[in-house]
Every structure is written in structure tokens, then in C-alpha cells.
Amino acid sequence: MTSGAIPPPANPLTISQPVLRFIDLEEVGRSGRHMTLFEMMAHHAFNRPDHEVYFKERTVELCHELLSGELGADPRSITYKEEVWEGGGNLGPSLSVGASGLELATLVFMEYVRNGEALTPMPLTVVDTGYGLERLTWASQGSRTAYEAVFGAEYDELRRTFPPRESAILIDHARALNFILSDGVVPSNSKEGYFARLLLRRSIRILSKVPDPPGLLAILDRAGRDIARDFPEIGEHRDDLHRVVEAEIERYAEAIQRARQTIRRQEERVRSEGGQIGSDQLLAWYDSLGVPPDVAVEELQRPPAIPEDFYAQVAARHESERPTTDYIDRTEGLPEVPGAVPPTEVLYYLDPHTLSFEGHVVHAAGPWVVLDRTYFYPTGGGQVADRGHLGDLEVVDVARKGPWVLHRLERDAPFRAGERVRGKVDPKRRTQLMQHHTATHLLNGALREILGPHVWQAGAYKAPESARIDVTHYKPLSKEELRRIDRRVNEIVREDRPVKSYFESRNEAERRFGFTLYQGGAVPGKELRIVEIEGFDVEACGGTHCTHTSEVGAISLLGVDRIQDGVVRLTYASGERALELREEHEAILAEAARRLGVPVDHLPDGIDRLLAEVEETRHAARAKAKDDLSATAEELLADPARTEAVGGTTVVTARLDLDRAQLMELSRLLGRVAGRVAILAGERDGRGVLFVGSTAPGISAASVVEAAKAAFAGKGGGNPAAATAVGEPGTPLERALDEARRTARRAAGP
RNA sequence: GGGCACGUAGAUCAGCGGAAGAUCGCUGCUUUCGCAAAGCAGAGGUCGGGGGUUCAAAUCCCCCCGUGUCCA
């Protein structure tokens with residue numbers, strides 16, 4: 001709007017909107033004036049050379065009239081401080097307006113565009129103002145802090161239990177939470193969800209510090225009551241908001257519970273090693289376990305002092321982090337189109353059923369072709385592009401760039417500008433995409449209906465093979481919820497409701513359907529394309545859709561994932577593709593049943609039997625291996641050539657055709673009786689392996705191996721009970737074995 | 001989006017380069033009219049997945065996956 005690309009909805013324009021501000025979070029309750037949420041009122045003017053609305057003088061005049069006239073401020077107390085404002089590449093002078101030292105408004109006059117160091121005048125100048133409603137309220141009442149003026153009785157009520165700062169934080173957070181939670185934000189560990197979590201957990205912490213505290217839900221309700229008059233959805237979503245908050249309370253309690261346990265164990269370990277918990281450990285616990293320092297200290301027997309600047313130190317821990325922005329440029333790889341090329345008339349919006357058409361080539365470069373009109377749908381809104389043919393050539397991709405639709409052909413386009421060309425959209429693919437897109441809207445509607453109004457689309461993707469929708473939700477979907485969602489969407493399909501796609505003015509659409517229209521994100525423009533599934537779901541959407549729900553065909557849910565904290569993904573297919581998948585699945589089941597030799601309906605039992613059999617076989621094999629080794633052990637002990645008694649120690653020496661693990665097991669069996677030394681040799685990949693086990697007191701297996709390993713250039717080691725070494729290929733393993741035996745004998749000898 | 005912590009038996013966790021453990025739960029036996037309880041015995045593990053280093057990896061390194069948490 002400031003650049004003039006999009007016309008303002010009105011000129012002059014007034015707006016009033018709630019604004020969330022998190023950077024001053026620590027100041028809330030402390031400064032007496034900061035809040036996480038406030039109402040910002042504004043009046044704007046967009047001055048074109050041919051149409052001057054108003055600029056500096058009139059703006060100041062209007063502001064002054066409001067403050068001194070309408071609101072009755074003493075004109076002598078009103079101050080104007082001149083500053084330079086810069087933002088979004090634009091800059092200009094600004095005035096900070098205050099009364100009796102309190103800043104009430106900012107008046108910005110955008111005049112210049114910055115290009116590096118150079119400033120060029122803007123094609124249109126803009127008046128941008130901001131008046132803080134809460135500040136005006138405060139100024140008009142003259143109370144000690146803004147909280148008393150703004151929150152009134154709700155604040156006073158909390159003051160009976162809490163100190164001023166805590167009372168202010170509680171009521172401030174409760175008001176902000178009412179807004180963000182009823183706006184579809186679900187508490188989570190990233191992005192806006194984290195702000196919701198932060199506000200909730202800060203509130204819970206404050207409440208937990210007093211005995212018998214008021215309930216968080218009650219505080220939220222009280223804070224929401226007033227604003228629900230202007231924002232009715234806050235009242236309407238009350239029950240859903242309660243469920244979201246309750247889930248978060250529970251989750252936090254679990255996290256703290258786990259953390260307490262971890263803290264106790266860690267202190268025990270540190271103390272057993274003679275150490276002590278330091279304040280740096282408190283920081284680490286807060287960071288990784290989420291446990292506030294005062295809670296951690298409760299668990300410790302010898303707690304460190306909590307640093308005064310604890311939260312500043314937390315911030316310092318995160319200072320060196322550099323957020324990388326994975327900015328994806330959708331127009332990357334697309335060719336430049338000369339500005340003189342006329343924009344493409346897009347016909348798929350109005351008529352998704354016409355798939356064969358004629359158009360004129362208006363631009364062609366390499367494989368890319370722009371037509372004057374097209375029915376090809378370009379990739380966008382989470383729906384992949386159509387395929388088909390232009391003339392005899394295959395269209396392999398379709399993309400949108402600015403006002404043009406670009407068709408990419410399988411090879412360089414033989415067309416010249418002005419040429420007439422026949423386009424054919426692949427009907428099977430298009431039908432499937434339409435079914436998946438409409439199915440996505442159906443799922444979105446059903447999810448909101450069944451899970452609650454906090455559900456908001458967080459992403460979607462519609463391909464011919466399958467489609468998926470990501471929605472905000474605070475816990476995993478239960479089997480029962482999935483079943484109900486499945487039933488509900490297929491019910492709407494069977495009811496054959498009309499799906500209407502039409503254009504409507506933004507204001508009118510918002511008035512009729514509310515902001516839930518913007519499931520796919522904000523859409524620019526004064527006109528919106530609305531896709532309305534009658535009586536069920538309405539969204540602003542540019543995709544191609546069926547005209548009746550029955551055309552979608554049966555929808556099969558294929559999977560559900562939690563893709564991140566607070567976001568659930570459903571994958572599904574409908575129409576022909578759903579049938580294909582069903583056939584595939586049935587074939588897999590039939591084949592599995594055939595291989596198991598059971599009827600399909602006995603498959604689970606058949607698998608159980610098979611698993612039991614496998615288990616049994618494994619058991620038997622293990623037992624047999626053990627028996628074999630036991631037999632070997634008996635043989636060795638009975639063989640005078642391999643077993644000798646020295647003092648109270650029995651030394652068993654043998655070279656066997658066994659691997660490392662088997663040598664180890666055999667040594668263990670020989671060592672069942674105390675006072676035995678097992679010196680066993682085997683081979684692996686042409687290298688000699690020596691394994692020594694000892695249950696004889698005073699004879700260390702490690703020292704035996706240490707003494708013997710030089711004989712076969714071995715590397716290895718171990719502990720007093722067991723040790724092993726592997727030699728170089730071609731070295732005499734026998735010598736190592738002898739050396740080990742001599743060492744053991746010497747150690748055992750009298 | 002980034003940092004940190006954590007993934008080991010059905011559950012909760014210990015072990016942090018040398019022969020996979022504890023507690024609870026489970027099964028059996030002893031005891032009891034029976035239950036609870038106790039004692040004894042036993043089953044249960046590709047130590048999240050994949051690479052690498054090493055004579056030797058649950059343990060060290062790298063890459064994934066999952067969970068938690070803090071910060072934008």
C-alpha cells in the first residue's frame with residue numbers, strides 16, 4: 001500500500017487493531033505501562049501527486065484536536081518531539097506526541113525511499129499514525145499505573161492475593177491469551193505457539209507461589225469477558241480455550257514433575273562424587289528441562305544461590321545463536337517475462353471443467369510459453385500444477401509469475417508470438433487434483449467441527465497420489481476422533497452438497513464468514529475468491545474444486561502424524577486414487593495371507609502363531625548353543641592336556657574354532673566356579689584372537705593378555721575378569737597361547 | 001528457525017570405551033483355606049536408526065528419526 005501497488009481500502013483510512021508485543025515481556029508489571037497486548041488506533045492518508053489527502057500540518061491538527069478537544073487534555077501539557085522514523089525501506093520525519101510526560105501517539109510522515117545511502121522521494125507520501133488506546137485510557141484517569149486504569153476491577157481483585165507486579169502480569173497475560181488462543185494459536189515449542197506457552201507458564205508459575213491460588217481458567221474468563229463484547233469469538237470459543245489451556249497445564253505439570261526427579265538424581269550423583277550443584281547447573285536445567293530456578297532449589301539438599309540476573313544469563317546463553325532463514329524463492333528458475341507481455345487471463349478459476357481450449361501465444365522463450373488465456377492450473381495454494389499438451393507438445397510444469405502463467409514444455413517451444421495454439425489439460429490428473437483439493441477443505445471443516453475452533457490449517461499439499469493437511473492441535477488424535485472425522489467427511493460427500501466458487505469483496509466476505517476464511521494464509525487484493533461448501537466450510541482459495549461434494553468420491557484416511565509440537569498432519573486420498581490404494585492394500589493383505597497359508601481374516605492370529613514359533617526356535621537355538629559350549633567346557637576340564645591345577649587355581653588352555661562371542665561365553669561357563677583361568681584362542685579373518693577370563697583371585701586377565709600379546713603382535717586389553725587381544729595375520733598364535741599359560745601359571749604358582 | 005537435554009527390559013531409570021544392570025511389574029515355585037505379603041527361581045534387550053573411529057562402542061565422532069525444553 002505504501003508503494004502504491006495495492007490501493008488502500010479507504011483514503012483517508014482509520015484502523016484499530018489489537019497488537020501483541022513480546023519484546024517488553026520483562027517490563028510488564030514492572031514499568032507500570034507495558035503490556036503484551038494493546039489496542040493500536042491509527043489514521044492514515046495516502047497522497048498521490050494527483051490526489052492530496054492531507055499531510056503534516058493537518059495530521060498534527062487532527063491529533064491535537066483529538067487530545068485537547070475530544071479527550072479534554074490540557075493543551076499546554078501536550079508535547080511534540082521530532083524524530084526520524086525508518087522502516088520497510090521508507091523513512092521520513094515523525095512526531096512523538098505526549099501529555100504530561102506520557103507518550104500517547106506517534107505520527108509518521110513517510111516521504112523517502114532508501115537506496116543504500118541515497119534517498120529518493122516516494123511516488124506517494126504516506127501518513128502513518130499510532131495511538132495507544134490503553135495510554136489514552138490511563139492518561140484520562142490519572143491512576144498510578146496503566147494497569148489500574150485499563151484492567152480496573154479485575155486487577156483490584158487479583159491485588160487481594162498478589163503483589164502489584166504479579167497481579168499486572170496475570171491480568172495482562174490473561175487478556176493476551178484470550179486473543180491469541182481464540183485466534184487458533186496452540187501452545188507449542190516454536191514460533192507463535194511458544195509465546196502462548198510462555199504466557200501460560202509464566203502465569204502458572206505465579207499462581208503456584210501462593211497457597212490456594214485462584215484458578216487460571218477463572219482468571220482467563222474474567223479477562224475475556226469484557227473483550228468478548230467486541231470480539232465475540234472469544235466468548236464463543238471459551239470451552240475450546242479451556243481444553244487447550246487444561247492440556248497445557250497438565251503438560252507443564254508433567255514436565256516439572258519429570259524435572260524434579262532428574263534434579264534429585266543428578267544432585268545425588270554429583271554429591272556422591274564429592275561435588276556440589278552450582279548456579280550454572282540451574283541455568284542448564286531451566287534451558288533443557290524447563291524448570292524455573294526457584295523450583296529446582298526446592299529439590300536440592302544443598303542449593304546454590306539463584307543469581308540476581310538469572311534470566312539475563314539465560315538470554316546470554318542464547319545470544320550466539322544465529323537463526324538461519326530458509327527463504328524459498330518460488331519464482332527461482334523461472335524466466336524473466338518482458339513487462340510488455342499482456343497478463344494471462346486465468347480461466348480455471350471460473351470454470352474448472354473446461355479442459356480443452358484455444359489461446360494465442362503472447363510470449364515464448366526456450367521451453368516456456370505464455371498464452372493470452374489458459375485453463376492450466378499453475379502450482380500454488382499447495383496444489384501441484386496441471387499437465388497436458390500445448391499443440392503436440394507435452395506440458396511438464398505450469399508456474400505462476402506475477403500476472404503471467406508460464407507453461408513449460410518438454411522441449412523448446414516451436415511457437416511464435418501471435419500463433420494460435422490448442423491446449424489440452426490432462427483430465428485424469430486434473431480430476432484427481434480437484435478431488436484432493438475439495439477433500440482437503442472437507443477435512444479442514446470436519447477437523448474444526450470435531451476438534452474445536454482452535455484448529456487452523458498450518459499447511460496443505462495436494463498431489464495426484466495423495467493429499468495432506470497440517471492443522472494446529474494440542475494433542476495426538478485419538479482413534480475415536482479419527483473415526484469420527486472419517487465418518488463426517490464421507491457423510492458430507494454422500495450428501496452431495498454444492499461447492500460454490502465465486503469472487504466477493506474482502507469486506508463482505510469477512511463480514512459473512514469471519515477470518516477463518518484465511519486457512520491458506522493471508523490473501524492480497526480487494527476481491528477474494530471464495531470456495532464455499534454449503535453449510536460446512538468456507539475458505540478463500542484459488543484452487544480448482546469439484547462443484548458438488550459427491551464428485552470427491554470416498555475419502556480414505558491413510559495416516560496421521562504429529563509433525564511438530566502443536567501440529568498434526570493427516571494424509572488421505574479420494575476418488576480413483578482411493579480405489580487404487582484400496583486395491584493395492586487388499587492385494588498386499590491377500591498375498592500376506594497366502595504366504596502364511598491362512599485366510600485374510602485370520603492374518604493377525606497367523607502372525608501371532610508365526611512369531612511364537614520364531615521365538616521358540618530362537619530359544620531352542622540359543623539353548624543348544626549354550627549346551628554345546630557347556631559340553632565343550634566339560635571336555636576341556638576333563639582333558640589333562642588342557643587343564644592343569646596350580647596351587648588352588650585351575651588353568652584351562654585351548655585353541656578352538658570359535659568366534660569372539662563364543663569364546664567369551666565359554667570362558668564365562670568355565671568361570672562359574674571360582675579359581676579358574678580360561679585361556680582361549682580362536683581366529684577371525686586370518687588373525688589370531690586370544691580371550692582370557694579369570695575368576696582366580698590375584699590373577700588379572702588383563703595382565704595375562706598384556707604379557708602374551710607381544711608374541712603375536714596383538715593389540716588389546718581388558719579388565720581383571722576378562723581381556724582380549726587380536727594379533728597380526730601370520731603371527732604365531734600358539735606362542736601367544738603358551739606365553740599366556742606360562743604367565744597364568746606363574747601368577748598362580750606357590 | 002536455532003541452542004541445549006534426553007531416547008537402554010512392559011514402566012521408571014543407572015551404566016558413559018573392556019563379559020548389558022537396578023527397582024517396580026510379569027511368570028513359576030515355597031508359604032496360605034484364599035488374598036495380601038515375604039523368600040527363591042525365571043522370562044523379558046538388534047542399548048532409537050544408519051555410518052565412522054577402535055583389538056574392543058550402549059559408551060567417542062558424524063548424519064538421520066523421535067521426545068522434552070529454552071530462545072527468536
Side-chain angles (χ1 to χ4, degrees), chain A residues 22-23 25-26 187-195 197-198 201-202 251-252 254-266 268-269 272-273 280-293 296 310-328 476 561-566 615-616 618-619 622-623 659-672 678 680 682-685 687-695 700-703 705-706 708-709 712-729 731 736:
Chain A
F22 285 96
I23 42 181
L25 198 59
E26 281 297 311
S188 81
N189 59 13
S190 68
K191 298 179 195 156
E192 66 275 15
Y194 182 68
F195 296 130
R197 168 163 295 173
L198 193 61
R201 293 192 171 186
R202 278 168 62 98
R251 216 180 135 124
Y252 190 41
E254 279 167 17
I256 295 297
Q257 190 58 35
R258 268 196 308 273
R260 284 179 186 272
Q261 212 182 329
T262 305
I263 286 167
R264 277 197 300 271
R265 272 198 303 264
Q266 282 194 23
E268 208 171 303
R269 195 168 66 229
S272 76
E273 287 161 8
D280 54 332
Q281 186 64 61
L282 294 181
L283 285 168
W285 281 335
Y286 177 68
D287 236 12
S288 61
L289 303 176
V291 58
F310 184 84
Y311 290 96
Q313 288 192 37
V314 170
R317 281 169 81 92
H318 291 277
E319 232 161 44
S320 57
E321 296 159 17
R322 250 166 237 164
T324 53
T325 41
D326 268 355
Y327 172 69
I328 301 160
D561 298 282
R562 200 193 85 138
I563 58 163
Q564 50 167 283
D565 197 14
E615 180 80 353
E616 205 176 309
R618 221 175 59 177
H619 239 94
R622 227 186 279 172
D659 64 25
R660 247 181 69 92
Q662 288 168 319
L663 292 178
M664 191 189 283
E665 187 59 31
L666 179 58
S667 154
R668 199 200 286 263
L669 289 167
L670 287 166
R672 275 198 167 162
L680 306 172
E683 208 171 285
R684 188 195 69 181
D685 307 332
R687 292 160 178 265
V689 177
L690 178 67
F691 190 94
V692 177
S694 167
T695 52
S700 158
S703 352
V705 164
E706 192 59 37
K709 72 184 185 188
F712 72 143
K715 283 181 169 178
N719 58 32
T724 179
V726 177
E728 285 296 313
T731 52

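A:D287 contributes no side-chain N or O that forms a donor-acceptor pair with the base of B:U69 under 3.5 Å. In terms of polar N and O atoms assigned as donor or acceptor, the side chain of A:T262 never comes within less than 3.5 Å of the base of B:A5 in a complementary pairing.
In this structure, A:F195 places its CZ atom 7 Å from P of B:A72, rounding to the nearest Å. Atom-to-atom, CG of A:L289 to P of B:U67 comes out at 18 Å; the value is rounded to the nearest Å. Rounded to whole Å, the distance from CD on A:Q662 to C1' on B:A19 is 15 Å. Between the C1' atom of B:U67 and the CG atom of A:D561 lies a distance of 15 Å, rounded to the nearest Å. Taking atom CD on A:E319 and atom P on B:C70, their separation rounds to 19 Å, with Å as the unit. Whole-Å rounding puts the A:Y286 OH to B:C70 P distance at 6 Å. Rounding to whole angstrom units, CZ of residue A:R269 and C1' of B:A22 are separated by 15 Å. A:M664 places its CE atom 12 Å from the P atom of B:G18, with the value rounded to the nearest Å.
For the C1' atoms, the distance from B:A20 to B:U53 is 22 Å, rounded to whole Å. Comparing the C1' positions of B:A14 and B:A9 gives an interatomic distance of 13 Å, to the nearest angstrom. Straight-line distance between the P atoms of B:G15 and B:G21: roughly 16 Å, to the nearest whole Å. B:U12 and B:U67: their P atoms are spaced 16 Å apart (whole Å). Across B:G68 and B:C60, the matching C1' atoms stand 24 Å from one another, rounded to whole Å. Nucleotides B:C35 and B:C47 have their C1' atoms positioned 39 Å apart, rounded to a whole Å. For the P atom pair drawn from B:C62 and B:G17, the interatomic distance equals 16 Å after rounding to whole Å.
Using a 4.0 Å heavy-atom distance criterion, A:V314 is classed as a sugar-phosphate-only contact. Base engagement by A:A721 is indicated by at least one non-hydrogen atom pair under 4.0 Å involving a base atom. Backbone-only engagement by A:R618 is indicated by non-hydrogen atom pairs under 4.0 Å involving sugar-phosphate atoms exclusively. Within the 4.0 angstrom heavy-atom criterion, no nucleotide atom of any strand lies near A:K709. Contact annotation for A:G290: backbone-only contact, meaning every heavy-atom pair under 4.0 Å involves sugar-phosphate atoms and none involves a base.
Among the nucleotides B:U12, B:C4, B:A43, the one closest to any side-chain atom of A:Q261 is B:U12. Here B:A19 is the nucleotide among B:A19, B:C70, B:A56 with the atom lying nearest to any side-chain atom of A:R668. Comparing B:A56, B:A19, B:C4 by their closest approach to the side chain of A:S288 singles out B:C4. Considering only the side chain of A:R251, B:G68 comes nearest among B:C70, B:G68, B:A19. Proximity note for A:R684 (side chain, C-beta onward) versus B:C55, B:C70, B:A19: the nearest is B:C55. In this structure, of B:U69, B:A19, B:G44, it is B:G44 that holds the atom nearest to the side chain of A:E615. Among B:A19, B:U69, B:C70, the nucleotide with an atom closest to any side-chain atom of A:D565 is B:U69. Distances were taken from every side-chain heavy atom of A:S190 (C-beta onward) to each of B:A72, B:G3, B:C55; the shortest belongs to B:A72.
Look at A:K191 and you'll find a side-chain N or O under 4.0 angstrom from OP1 or OP2 of B:G1. For the pair A:R258 and B:U12, the criterion of a side-chain N or O lying under 4.0 Å from OP1 or OP2 is not met. In terms of phosphate contacts, A:H619 brings a side-chain nitrogen or oxygen within less than 4.0 Å of OP1 or OP2 of B:G44. An OP1 or OP2 oxygen of B:U67 is reached within less than 4.0 angstrom by a side-chain nitrogen or oxygen of A:R562. Proximity of A:N189 to the phosphate of B:C70: no side-chain N or O atom is located under 4.0 Å from OP1 or OP2. Phosphate proximity of B:C13 to A:R265: present, with a side-chain N or O under 4.0 Å from OP1 or OP2.
Under the Watson-Crick and G-U wobble criteria, each requiring two contacts below 3.5 Å, nucleotide B:C55 is paired to B:G18. When Watson-Crick and G-U wobble pairs are counted only if both distances are under 3.5 Å, B:G39 pairs with B:C29. When both distances must be under 3.5 Å, the Watson-Crick or G-U wobble mate of B:U23 is B:A11. Pair assignment for B:C47: none, as no Watson-Crick or G-U wobble contacts are both less than 3.5 Å. When both distances must be under 3.5 Å, the Watson-Crick or G-U wobble mate of B:U69 is B:G3.
Side chain of A:S694 to backbone of A:A721: no donor-acceptor contact under 3.5 angstrom is found. The closest donor-acceptor contact from the side chain of A:N189 to the backbone of A:D565 lies at 3.5 Å or more, if one exists at all. Checked by atom type and distance alone, the side chain of A:D659 pairs as donor or acceptor with a backbone atom of A:A661 at under 3.5 Å.
Rounding to the nearest 0.5 Å places CG of A:L680 at 10.0 Å from OG1 of A:T724.
In this structure, the side chains of A:Q257 and A:Q261 stay at 4.5 Å or more apart for every pair of heavy atoms.
Ring-plane geometry between A:Y286 and A:F310 is classed as perpendicular, the angle between the planes exceeding 60 degrees on a 0 to 90 degree scale with a lower cut at 30.
Between A:G693 and A:V726, the one whose closest nucleotide on RNA chain B sits nearer the 5' end is A:G693.
Shown here for A:A284 and A:R317, the closest heavy-atom pair between the two residues is CA-NH2, 3.6 Å.
Summarising the local packing, CD of A:E268 is surrounded by 12 or fewer heavy atoms from other residues, nucleotides or ligands at distances under 6.0 Å. Within 6.0 Å of atom CD in A:E616, 12 or fewer heavy atoms from other residues, nucleotides or ligands are found, so the atom counts as exposed in its surroundings.
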